[in-house]
Every structure is written in C-alpha cells, then in structure tokens.
Amino acid sequence: MSNIYDVVIIGAGPAGLAAGIYAARAKLSTLILEKDSPGGQIVITEEVANYPGSVENATGPSLVARMLEQCREFGAEQKKEAVISVDFSGKLKKITSSAATYEAKAVIVAAGAIPRKICCPGENDLVGKGVSYCATCDADFFTDLEVFCIGGGDTALEEALYLSKFARKVSIVHRRNEFRAAKSIVDKVLKNPKISIIYDSVVEELKGDGILESLSLRNVKTNELTEYKAAECDGTFGCFVFIGSLPHSELFKDSLKLSDDGYICTDEDMKTNIPGVFAAGDIRVKSLRQVVTAAADGAIAAVQADKYIETAFN
Amino acid sequence: MIVLDKDNFETEVLKADGLVLVDYWSESCVPCKALLPDIEEMAKTYKGKIKFCKLDVTTARRLAISQKVLGLPTITLYKSGEKLSELSKDDASKDSIHNMIKSALG
Ligand SMILES: Cc1cc2nc3c(=O)[nH]c(=O)nc-3n(C[C@H](O)[C@H](O)[C@H](O)COP(=O)(O)OP(=O)(O)OC[C@H]3O[C@@H](n4cnc5c(N)ncnc54)[C@H](O)[C@@H]3O)c2cc1C
C-alpha cells in the first residue's frame, strides 16, 4: 500500500481525533499516528464535566471512545506507531515512525503534553511507589489512607475531589494563598470534609525506602520546612501531582518555531512557520488547554490543511 | 495468563520456581488495559519460559502494597519468588518489557 497521504496527524488525543474527523469527512486520505492507546491525557480522568454536550456518562474514556468511533466512521486510518522523526523541508513532508516512513501533503501536529513533574529529590524514584500523576490509575491503592494532592488549578482540585472518594484524608498543597480555579469547583473542595488545604507551600523532597514514606513541604513565605511522615499503621501515603503540563515538542524543535517554554507557535488558523504544517491542541501556545479548545483547534487545522492542499497541489 | 488473587498469589508467585511475570492492573486504569493485549501476546511468545500472571489490585490492595506496588501499570518479574526487575508507569512499554524479559532469560 502506498505510504503517501493527504494528511498525517501526529497524536490521537482530542485535537488529533477532531482533526481526523474533519479531514476524513473532507475526503482527504488521512492517517493518524499514536504511540499509546488513543485518547491522550483525557483518558486518565474520571469526570469531564465541562465539555459541551458531555452530560451523560461524561468520563474521559467514554468521551474518547465516542470520538474514536466517529473518526473511524468517517474513514481516518489509525496506526499504533510512535513518530520518531520528521522532515518538513520538502513540499511533501516526511514522517518517520517506529515502523515506516510516510509522506504527506499536510501534517497536523497534535502530540499534546505530558504532566509536569515537581522536579524535587526523590520524585523519580518513587513514581509508582506513592507518587502519581494519574488519579484514576492509582486512587484505589489509597483507599482509607492519606493522600497529598499537589497543585491549585482546576485539574488539581477536580482530582482532589475524586481522590476524596477513596482516601481517608486529602491535603491539597497549593503554592499560593488563593485559588484561580473555577469558583464552583473551589466551593465543592472547601465544603468537602475530607479535604484540607495547605496554602503557600511547595514540595521540597520525597523520601521512602521502596515506597513513599515522607514528604517535606516548604512554606514559600517563611521558608519554613515541615515534614509529613506516613502514619505508623499505614506505612505509606499518596502524593498526586497536578501542576500543569509540558509540551511534547522535542521532535519539532529544529523545524518549527517554539515559544521559550517549548510550545509550538501558530496563528489563529493553526498554521506554523512552515506552510503545510499545522499544530493543534495542548502542544501550541494558547491561553486555555482543555478538551473543548483542543477539539476546536483540530477542526480548524483540518479545514486549513484541506485549503492548503487545494492551492499547493492543484 | 493465570489470574491471581489474594489466595493463590503465594503459591503461584512467591513459592514458584523459575520466572514469573505479574501484570498489576485494574479496571479503572486505562493505560493498563491498553497494555494488556501486548502482555497477552508476550505470554504466547515466551510460553514455557516464563509464567505470565495478572493481578487486579482492587481485589488485593494490601497484597500489592506489600509487594511495594502503588502505581499502575506495574509489570514485575519474579525469579524463584524474589523480585528480579520491575517496570512501572511510562516505563512499562511493550519494548522495555521485552528487553526486561530478554535480559532475564540471558
Ligand atoms: C488529570 C487531567 C484532568 C483533566 N481534566 C480535564 C477536564 O475535566 N476537562 C477538560 O476540558 N480538559 C481536561 N484536561 C485537559 C485535557 O486533557 C487536554 O487539554 C487535552 O487532552 C489536550 O488534547 P490534545 O489532543 O492536544 O493532547 P493530548 O491529550 O496530550 O494527546 C496527545 C497524544 O499524542 C500522542 N503523542 C505524543 N507524541 C507522539 C509521537 N511522537 N508519536 C505518536 N503519538 C504521539 C500522545 O500519546 C497522546 O495520546 C485534563 C488533563 C489532565 C492531565
């Protein structure tokens, strides 16, 4: 089979899937490459209450399953392959995956983001040993135990509410003294008897012999250090981290224009600095990183890719 | 694959001779479910060399914690009941699990 497509989409999160739906509906031959299971970051969250129309069965996985089905129905091809390099220098763009090299008239980069780490001593050694970035994966381990939830944004607070269904006690560690999250979520958190909040604090160190046993917090105003140790009877506790994300843009740093913090720069039509290469979703510079904006980006990118192909190749 | 639980873990894993691979997973862990088909395929590839097992941690939370497993997915290789090597979270990819197995088989 030919390895030339009209559009190759890198990443099958909400942005990539929306782009796939629009591109395939426009009768462009479309290939979506995804290194893991489709769905992106949203598959690890229990409730997606703010995506328009996601009312019934509004879990991340069910939302993604519906997007996937829609994408397949319109005929976008999907492969489970990781993109390992790209060459955007020619008129036909080359995308090399772990399995093959593909050529495309247009490329939509929708590789998303990964959770930002605290970057403190002990963190890396204790991932999967008490330190987690995925509440739906790991909350159950902490049934009737204590957990710390690091971060003060919408995601941290939503996940703290989810964790409170399992844990005996949830302590939110927030580096400021007030929340910027949506007021309705903050209210729910403040009313939850299991949740307490530690303001003005950041995690300084995580310790444990094989499993997480101690966490040190530093008060950013007084510089005072406080160490929390696991209760004797528990032996451990959880530390869930939701402090934002980092763009998956390593692969593109030599070809595309990135912001100082590594996000891809685009105009409002999702065009990057290279004609025929578009970026959509969490990977690009924008003010709101959510499913609804990722999907919108994907749609715009696909429509623009269609227009570009029409002018550049006909 | 052998389905483990609280009652058979000791005999199937800790008291077993040779190499045993345990896939710690749960129903709500989407990355675990994405990985499972790969593990099932490996179970066929390495049949007779390694015993492949899976443990749904929601049925055996304490047991998993006693094995110092507190995050999913975790893939652990045991040799004669002792932990030999382990891959967790993002490190637990198909390729790295193959490599872990290959180096254990020597
Ligand atoms: C815990 C949590 C809770 C959240 N809750 C909400 C919520 O309630 N509501 C909401 O609107 N938003 C929520 N978000 C944010 C939302 O998940 C993101 O904004 C959205 O997923 C972004 O979509 P995306 O398609 O741009 O990127 P992603 O979802 O990050 O998807 C990118 C995909 O690209 C793949 N990829 C990356 N590199 C490669 C490569 N080299 N080759 C192949 N594939 C690659 C990745 O594996 C991934 O599947 C939450 C995020 C988190 C982490």
Do side-chain atoms of A/S97 reach the backbone of A/A100 as a donor and acceptor pair under 3.5 angstrom?
yes
- Query: Sub-3.5 Å donor-acceptor pair from the side chain of A/N192 to the main-chain atoms of A/V189, do we have one?
  - Reply: no
The interface call for B/K89 against chain A, heavy-atom contacts under 4.5 Å, is side chain
Applying a strict 4.5 Å limit to non-hydrogen atoms, the region of A/D140 in contact with chain B is both
Verify side chain to side chain contact (heavy atoms under 4.5 Å, CB included) between A/I198 and A/F148, making sure each step is shown before the conclusion.
-> CA-CA 10 Å; A/I198 305 172; A/F148 287 83; 4.1 Å; yes
Whatever's closer than 4.5 Å to a heavy atom in chain A on B/P73 counts as neither
Mind telling me whether B/Y78 and B/F9 have parallel, tilted or perpendicular rings, with 30° and 60° as the class edges? perpendicular
Face-on cation placement of A/R289 at A/Y263 ring, 6.0 Å and 45° thresholds: yes
Assert top hit (heavy-atom pairs under 4.5 Å, partner chain A, pool B/D91, B/T74, B/I65, B/V69) equals B/V69
Is there a donor-acceptor contact under 3.5 Å from the side chain of B/D23 to the main chain of B/I39?
no
Ranked by heavy-atom pairs below 4.5 Å to chain B, first place among A/S98, A/C137, A/P38, A/S37 goes to A/C137
Bottom line for A/K35: the part with an atom under 4.5 Å from chain B's heavy atoms is neither
So, the part of B/E27 with a heavy atom under 4.5 Å from chain A: the answer is neither
